[in-house]
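Working notes, beginning with the structure itself.
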Amino acid sequence: MEEPTSEDSEDIYGEEDEGPPSAGADCEADCEKALQETTDTNDSAEISDLNGKQNLEEETKTQKTNLEMVLEDLGLEKYHKEKLSLSKILGIDETTITDDLGNCKSNIPLNFLKKLVMVNVTARNVKGVSCDLSDASSESNCDDPSESTESDLEDLFESSNKAETFNPLDIITALFLCSDGFVHQELALKMSMCQFSVPLLLPNCDTQQCILMLWAMRDIVKKYRPSHLTETKGFIEERIVLSELPMISFVRLGECSLSKSEILNKLLNNPDDTFVHHNMECGDIKRRISNGLTEMTWYLPCGNKNMDIFSEPVAIANLRGDIASFETQFSFLCQTSAAVFVFFDQLGSQCELLMNKNHKAQIFLVGNQQNKNLTPDVLKKVANRLNLTKNNIIIKTKKTNDADFVKSLKKTVSSVLSKPQLKMSVQQMADVAHELGITVDEDSPECQDGKKNADAITAEIEDTFQFKENQFPLQGQIWKELTFLEKEEFRLRKVGSENIENYKSNLKKKKEEQRKKQNSYAMSSVMTCFISAISRPHKERCYFLKWMRMNLDNLSRMKLSGLRELYKEKCKDSENKQEIKEIEQKLSSSSLGVEHFFREMGQIYEASLYLPETDSSRQQLQHLPRLCAQLLLDGFPLELVDGDASNIPLSWVSDVLSQLNDLVSPKNKILVVTVLGVQSTGKSTLLNTMFGVQFAVSSGRCTRGAFMLLIKVNEDFKKVLNCDFMMIIDTEGLKSPELAQLDNSHEHDNELATLVVGLSDITIINIAMENSTEMKDILQIVVHAFLRMKEVGKKPQCQFVHQNVSDVSAHEKNLRDRKLLLQQLNEMTQAAAKMEKKEDYKSFTDVMEYNPDTGNCYIPGLWNGNPPMAPVNAGYSETVYELKKNIIQQLGKCESTSNNILEFREWITSLWNAVKHENFIFSFRNSLVADAYMRLCTEYNQWEWEFKKEMYKWVTTAETRISNFGSFIATSEISDMNEFITELKSEATTELIKLETKILDNLNKYFDQPEGHVYLVEGHREEFSNSIKSLRRQTESSVLNQITTAADIKKGLKELDKIRATYREEIEKSVCDLIDECRKRKVQMTDRELDESFDKMWTETLKTLAFSEQQTSNIFTSVSHQLRTNLSPKGSHACELLSKKSLKDCGLEHFTYKHKEVGENSVTAFRELFTWTNLTKARRKIVDSIFSACNECISDQIKRKTNYHNTYIQEILQIIDEKLNKADANKDIEFEVSLKQYICGSAARMFQKMHEEFIQENDPYKSLQKNKKKFCTDFKDVFHKRDQCQKKAEEFTNQSLKPAIENFIYCSLGVDIVDKMMTKEEFSTRMSFQYSILLDLISKHDFESFKDYICSYEKYVKSWITDRIREHFSSQSTVCEMEHKHLKSCIDHINAAIKKAKAESTDSLRTFVVKICTELGDKLKISQDALDAFMVLNKSDQEQFAHWLNKFVEEMTESLREKFKSTEFETKLSQLHIKPENELFNRVIGCGKQCPFCKIPCDAGGENHTEHFASLHRPNGLGEYWSVDSRKLMTDICASLVISGKHFRCSDTNDEYHPYKEYRQIYADWKIIPDVSLEASDYWKYVMNKYNKEFADKYYAKPADIPDAWKKITKEEAVKSLKKSFNIK
Ligand SMILES: Nc1nc2c(ncn2[C@@H]2O[C@H](COP(=O)(O)OP(=O)(O)OP(=O)(O)O)[C@@H](O)[C@H]2O)c(=O)[nH]1
Ligand SMILES: [Mg+2]
Ligand SMILES: [Zn+2]
Ligand SMILES: [Zn+2]
């Protein structure tokens, strides 16, 4: 700690303090006197210090210094060495939104900072609250006033932190001492905006040194109108430290009973007190570290004589403390000021101080005539010695009141100003400071380094326009040209009649040329300097950039500020259109800021990407994005949209953001706050106030394009906000329509607004209430932007900010306005919805969440009074603070997850690409959305399959139960069966509802999760939910059908069974009789004799049985009836057609080639340029597809060897109907009838055969004959009383159990295989399937495969799937494993059943077996026939039978295993009940719709989607379309056609020409997304180029003219584009 010097004694009376005048040159006496007097006032704090002063001397060495103590009290000690930085004070944390900062006084500086950063003029009201911790100890001195002063004082001294409050000046001084240069600038700037004085000389009470705060003040720019400009309404806008102004200093000599600061405040007439004075909150607290502080402020005239206090600008300095103690400061002031006013009460020996010969300033003496020592004599003596005239002395007599006194002071100052002897800028003062040994804050090497580099660059600038031309060649015309090309690539406005793909290819070539041109420029000298300067270490870089910014500002200010003002003036009256346009032009061409350097850097970088990767100059630029990412992290604003070219350098911005992501990962989540509004309505000012950032602010057009800036979120607050950074985006103001007309910037405004709204989590919409027409127009733009976002799934919030509304009751009063606003918004929404063709949106709240009550904020005007001398309105700052809290809270409540930086980058890219298109909504494609959609589809596919699987299992069991129904108990009746079926059906319905609810639950849960950006696909929720419902409905009808069919067939069999059973009984009786007879003979009979007797008996018995020939039905009749029913809704014509031909005559020959209707219709009416729909071919395709599906279905049924049932033909008709529907071919009745007849005819033929076979198979007579041999052996066995157990057990095992098990396994295996395949990526969604199949295709290098894929898509897909299955199950082990699993489960089941049956006592073998079968009845289909046969003549012993049964089951297990092992996979596949390839095919074929132009299949998930889309469209030539004239294959791609101005016509347009752009009028359910990346269709371009000739040959056409750009596409690029199109990472 510094030795306390005599100055300390004066400390106790700040000049503002009402301390008593003390005479003392003598320090001791002074102290004593003071002590006495102050004890009266009971100001213990002051006493303590006095007392402390005596003690200090001893304790200096061990104790903390004065400064250190104060810093500790303020909680700032840690920043003494490690200075506070901007990022530290601007970071968002708990305190950002809490008003109550706790009552710890270490929060005082924080509170001050927080308020000051938001330009709150109440910032200096820093009434501290006692610290909780020190409360206890502080009690002692409050509670016990009787204690001796001595000990009291000691007490106080020991814990000096008991002082509960601080003088604001101490806080300011402490903060300046504890912060770095950038915080200094921020503080000084904001203080000056509040019209607070700012530190000029900052004291350090420890070192007794002071610092000239030149750097700190550098950022302050002031605008004023001196008297000579009053006439012309001109003004001066200047960086105040550079202005050469007369400075008037105010100092105090010795004690003074006049409050200098208060007088000054009165002089300046500032409502919010420029200088801290004792009558202010805490102003009377003793200053502990701020003596010697010299503050500065400026008085700047506005040019109005009646208002201006001084008509010329003046700087005012105010030194705190006695000049006797701060001689250096005083000398400084005397050498820099035009005049120094010395306040005093008495003039003693200290007057020597004033005698210095070096002083340049005029000295004025200001005395207070309160002290009797101040006599005219004394004055005269001093005046003489100082050579002062009467004018130089002002005495406040007892009669003069303050007002008069201030008046005379003002007069004196004015007289000085009228002919100031000295004018000096603060910058010039640095020299004086150096002479006096005062350090200047700019002396630091970092600052000097930055200055040197910056000056080196800016020194070269003479003419900004010329400079830009010379030094920034890349961003000039070339960049504008590139922008045009980039946009034209998407808009195709000038394509005319040219081939689109050629046109695009040419554009691409031109783009490359421009890039080449950019690359031809060597990097300019200035850019080299710039890049090397920003590559310096952190501090230097920051200083450099700040210097650059200031230097450039200074340069352009001269030119621009006038222009801006003019612009603003002219804008008020849009009559001067031409002028405005010219001014605008000038503004843009002569403005030069740091952003231009970065813009150039971006272009250099982007151009370099066109160089080969190995190129050295490209490699040298690789580090640039990282450098910029670093800058963003430092809080530097970076240009996102170049407002001049109206474009985003996408690769550059993307790479910077990637680097940024690398720098901060994994803490890379961001929330985005943006602002939109009319130009010059204080948007940047609002953001600056809100976040303490420094976006460029000025009157007139200022912000161009959009800038982004990062703000850290402090660790403790991340949980609340759920992000790591806040991204603030400031945008160029939107223009009013009149102005927008001038330069066609309407488009630019729209683009900008769409981008900005799309990027933001919250958009602040800034409205200046006074111009409501402008408001309406920008709202229009904004509503469009919101509507578009709603369409793409993003839901930003919005906050309306109404500026310049000062009334306190604004919120209430504006209720009506709010209603009006909402009404207008609703109208605009409807209008916008109409324009975007999304008429569903009726009100503003449909497109976004907006609450008129909370979504509006009214902000009073910025200035409290008349600039330049007006401070910021406290109300402004407070309301902005409320808004900030509101916004942060809203963001905290945000349900959706915040994006990370990479996702943000993706949004920029996708939004901007879509913006480049004219039709935003239909052009938007974003990988995040696609990702979310893909995930949803994957999930849904899984659920859907689970559903189907469960139902399949259920049906299998149900069918088994039906099939086993009554088999084991002979008594069951048909009526029981009916009851059973009804029960089963209701069970089915229950099961279905259960499963449906489960999926719906899954879906809802899916959308509830916070991760994965599910809100992006919210729009698809409904359609998936509908898909689930329709899935349930479809399954329900099919399941009920299956049950009915099974039941009907079972009923039929039941009849036969009965007959069979009677026969069997007869035979059995006869056999028994025979046995009895033979036994009676008591002769040993040989086997031959037995055989003969049996034969005889057999023949005789059969004769007695009356066999009735089993009737077969005529299936044709049934089918015919079904067909008629099916066609009856189609009208009489259909029935007529139907009657023309008997079904028996149908389906005999080939269908396609014979049918004449098809031939007739072909190639009608497609006489445009080319025939893009060939009806014959199209029909053939449909027919092929229908045939294959029906064949599949029929052969499946036949394979099952059941009886015919009407549901079979119904199913087939349904397939046909569906397919015709999908292909939109259901309008041609004749075609439909003949097709159905053909198929039904051939189906009926096959079913007839099947039916007959079935009847044969189940014929009782035949069955009896079949079993004759068995009867005979059984007869012999019984006769010989041989043990039948072993044989019967074997028979039961092999005849009944074995086939049942095999059947069961083949039922289950299909599901297992699908299950397995479904886990594979390629089957997870339709899109991944398409991707896999196309990837496989390209790797095959095989034209035939491509041809098959394109020409017979379904067939190819099916065989491809089968191949995949085969491939996966190529090793037997996988299948065997599954088989064994099922086998084991069956065997376990059987064993358990045997055990159970054994345990229960049974009276006969029959009941024993029935028990076993009943037990197995749910799982295994046990053939009744086999069972009955087994029962015949069965005399086995139950015990023994069971024993053998176990044994044979074991044997059977082995043999089955062997059998499975030796069976080919192929054979197995053909036996499966569920065909995996079909199941998978249905899964990936989707809705089956195809692009109306290129016929690529739809990729959408779920069955019931409302919009079909394909991720990838292809050149139409591949789909067999060629030009009619030249027969050359077409290269056009639908994705481009739909944005071109071209037309098409076909039967769907009634042969009228229709613009492609309006294709949705014809194909409303198709969404053809234009190529987003331009490379999207590279895959097909590559294919077309490669197989051009082959395709031409195949289609009997001529090869296409391939655009040049296509020829350059490599296979790798094709694969890459494929990945991108299907969004595969
Ligand atoms: N009177 C008044 N002036 C304001 C207010 N808010 C801002 N200003 C001043 O208006 C001028 C323009 O402010 P900016 O923040 O640059 O406006 P902007 O909307 O960002 O302008 P552009 O970016 O060019 O569209 C500045 O000089 C501000 O000081 C306000 O509420 N009242
Ligand atoms: Mg702005
Ligand atoms: Zn297409
Ligand atoms: Zn579809």
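Read the numbers this way: they start at 1 and go in the same order the structure lists the ligands and their atoms. All heavy atoms count here, side chains included; hydrogens, waters and symmetry mates do not.
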Contacting atoms of ligand 1, where contact means under 4.0 angstrom from a heavy atom of Gln679: 25 (O)
I need the atoms of ligand 1 closer than 4.0 Å to a non-hydrogen atom of Gly861, numbered in the order shown. 31 (O)
NZ or CZ of Lys1567 within 45° of Phe1509 ring axis and under 6.0 Å: no
Check whether any N or O atom of Asp730, backbone or side chain, sits under 3.5 Å from an N or O atom of ligand 1, and answer yes or no. no
Can you tell me how the ring of Tyr858 sits relative to the ring of His802, calling it parallel under 30°, perpendicular over 60° and tilted otherwise? parallel
Could you tell me if the side chain of Trp1580 sits less than 4.5 Å from the side chain of Ile1350, heavy atoms only? yes
Qualifying residue, where the test is side chain to side chain donor-acceptor pair (under 3.5 Å) with Gln803 and the options are Asn766, Thr681, Thr879: Asn766
Provide the number and element of each atom of ligand 1 under 4.0 Å from a heavy atom of Gly733. 25 (O)
Just distances here: any N/O of Glu732 and N/O of ligand 1 closer than 3.5 Å? no
Could you tell me, atom by atom, which parts of ligand 1 come under 4.0 Å of a heavy atom of Gln803? 31 (O)
Between the side chain of Asn873 and the main-chain N/O of Gly861, is any donor-acceptor distance below 3.5 Å? yes
Identify, by name, the N, O or S atom of His1513 lying closest to the Zn ion (ligand 3). ND1
For the Zn ion (ligand 3), angle spanned by Cys1494 SG and Cys1534 SG (nearest 10°) is 100°
